[in-house]
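Scroll down for the structure; my scribbles are underneath it.
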Amino acid sequence: MNKIILFARPDLGLADDGIRGIFAPLEESGFDWAVNETFARAADAAGRTIPADKRYATIDAALAEGAVMLSYGGDGTFLEAVRLAYACGVPVLGINYGHLGFLASTPRDDMTEVFAALREGRFGIQPRTMLRIEGTTEIPGGHPYALNEFTIHRTESSMTYVDVFVDSEKLTTYRGDGVLLSTPTGSTAYALSVGGPIVAPMCECFVIAPIAPHNLTMRPMVIPDSATVSFRASGRASSLSVSLDNRSFDIPCGERFTVRKAGKPIFLITLQNISFYDTLRNKMMWGLDSWESRR
């Protein structure tokens, strides 16, 4: 690994000292590096001029060779970074400049130590399952993949009806606000908010979870990730909403989608001093009950 690709979104809101806290240690790290245009413009505004040969709009094979991408922001930024990095096989490390940060879990306080860990090989690489979505409606943007979840959701007040089939066998019809299919990585995202289980990221499974079901006996279900899951959406409204992670688009009622495990994973960088369980315990504030402080 000899190259750092930095990525951030326009709404990052970094102060000048935050910009210096990234680029000063980056330039001293010995890595070759490149910055997306949005990040470069933020650096320019802070007085840290980024030369043209250090800026990128897309990631080609030459830029991807020997590189790791650092996503600087929250989990939304991380998901956009994954879209850029996935096709070219670049592993991604999330630097947390957001709030909860299950994906972007590395603190931004000491970037010198982050670059030193990458240079010295003090990190792990985890493959994470991606979803591939096919439908009668073409996926906008030409990227039919999701890291967290695939969702069908109502757009109006009327109820949706989603028939779900697992390996061609009908599971049920979900009546309510919608339904989602989550990867283990996505189990701490939208799936968690609708009552789904937290799944360790290396488990080989999917979670199907109803969203505000009309039938209260409906519960989230865990299935093997070798399954092919089909959805047929209908309802009284003229359209429904489909989401792949943080990308949404409307579809007419009656559309069908098939979701399966993608042919290749995305690779995430994990620093050796930060585990999934550390992140889970800290972000969910487990073990911080007031009675424990009195023990």
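Residue numbers count from 1 along this sequence. Reckoned from all heavy atoms, side chains included, excluding hydrogens, waters and symmetry mates.
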TODO: Check whether any side-chain heavy atom of D245 sits under 4.5 Å from a side-chain heavy atom of E149, and report yes or no.
DONE: yes

Open item on the list: Any side-chain to backbone donor/acceptor pair from Y174 onto M218? Under 3.5 Å, distance only.
Closed with: no

Task: Pair R260 + E134: basic N to acidic O under 4.0 Å - done: yes

Task: Those residues that, when tested against R232, pass side chain to side chain donor-acceptor pair (under 3.5 Å) (two or more places apart) - done: D163

TODO: Indicate if F165 and L181 have the same hydrophobic cluster label, given that clusters are the connected sets of ILVMFWY residues with side-chain heavy-atom separations under 4.5 angstrom.
DONE: no

Open item on the list: So I269 and I125, do their side chains get closer than 4.5 Å, heavy atoms only?
Closed with: yes

Open item on the list: With heavy-atom distances below 4.5 Å as the criterion, would you say the side chains of V68 and V92 are in contact?
Closed with: no

- [ ] Check I152 against A233 and note the closest heavy-atom contact, atom names and distance.
- [x] CG2-CB, 4.0 Å

Task: Single-linkage hydrophobic cluster, 4.5 Å side-chain cutoff, V162 and I208 together - done: yes

Task: Heavy-atom check, side chain of S239 versus side chain of T155, under 4.5 Å - done: yes

Open item on the list: Side chains of F276 and I198, heavy atoms from C-beta outward: is any pair under 4.5 Å?
Closed with: yes

Task: Nearest non-hydrogen partners of T183 and L147, listed with the distance - done: OG1-O, 2.6 Å

Open item on the list: If you compare all heavy atoms of C88 against all heavy atoms of I59, which two are closest, and at what distance to 0.1 Å?
Closed with: SG-CG2, 3.6 Å

- [ ] Would you indicate whether E120, at its atom CD, is surrounded by more than 12 heavy atoms from other residues, nucleotides or ligands within a distance under 6.0 Å?
- [x] yes

Task: Where Y277 and A200 come nearest, the two heavy atoms and their spacing - done: OH-CB, 3.7 Å

Open item on the list: Any salt bridge linking K3 with E65? Criterion: basic side-chain nitrogen under 4.0 Å from a carboxylate oxygen.
Closed with: no

Task: Ring centroid separation F206 to F150 under 6.0 Å - done: no

- [ ] State, without any angle test, whether R154 and T160 hold a side-chain donor-acceptor pair at a distance under 3.5 Å.
- [x] no

Open item on the list: Apply the hydrophobic cluster definition, ILVMFWY joined by side-chain contacts under 4.5 Å directly or through others, and give me every member besides L216.
Closed with: none

Open item on the list: Please determine whether the number of non-hydrogen atoms from other residues, nucleotides or ligands lying under 6.0 Å from atom CZ of R236 exceeds 12.
Closed with: no

- [ ] State whether R247 and E80 are salt-bridged, where the test is any N-O pair (Lys NZ or Arg NE/NH1/NH2 against Asp/Glu carboxylate O) under 4.0 Å.
- [x] no

Open item on the list: If we count only N and O atoms by modelled type, under 3.5 Å, do the side chains of R256 and T136 hold a donor and an acceptor together?
Closed with: no

TODO: Taking side chain to side chain donor-acceptor pair (under 3.5 Å) as the test, write out the residues that go with T258, two or more places apart.
DONE: none

Task: Evaluation steps, salt bridge (Lys or Arg N to Asp or Glu O under 4.0 Å), between E27 and K54 - done: CA-CA 12 Å; E27 291 169 345; K54 295 291 187 181; over 6 Å; no

Open item on the list: Looking at every heavy atom in both Y86 and P265, which two are closest together, and how far apart are they?
Closed with: CE1-O, 3.4 Å

TODO: Measure up the Y72 and F39 rings against each other and bin them: parallel (under 30°), tilted (30 to 60°), perpendicular (over 60°).
DONE: tilted

- [ ] Flag yes if L131 and I251 sit in one hydrophobic cluster, no otherwise; membership is Ile, Leu, Val, Met, Phe, Trp, Tyr, and two members link when side-chain heavy atoms are under 4.5 Å apart.
- [x] yes

Open item on the list: Are I266 and Q126 packed together at the side-chain level, in the sense that at least one heavy-atom pair is separated by less than 4.5 angstrom?
Closed with: no

Task: Nearest-0.5 Å distance, OG1 of residue T188 to CG of residue L103 - done: 6.5 Å

Open item on the list: Any heavy-atom pair between the side chains of F31 and L118 that's under 4.5 Å?
Closed with: yes

Task: Exercise: identify the closest heavy-atom pair between D167 and A227 - done: OD1-CA, 3.5 Å

Task: Pair R132, Y145: side-chain N/O donor-acceptor within cut-off below 3.5 Å - done: yes

Task: Any side-chain heavy-atom pair of I211 and T151 under 4.5 Å - done: yes

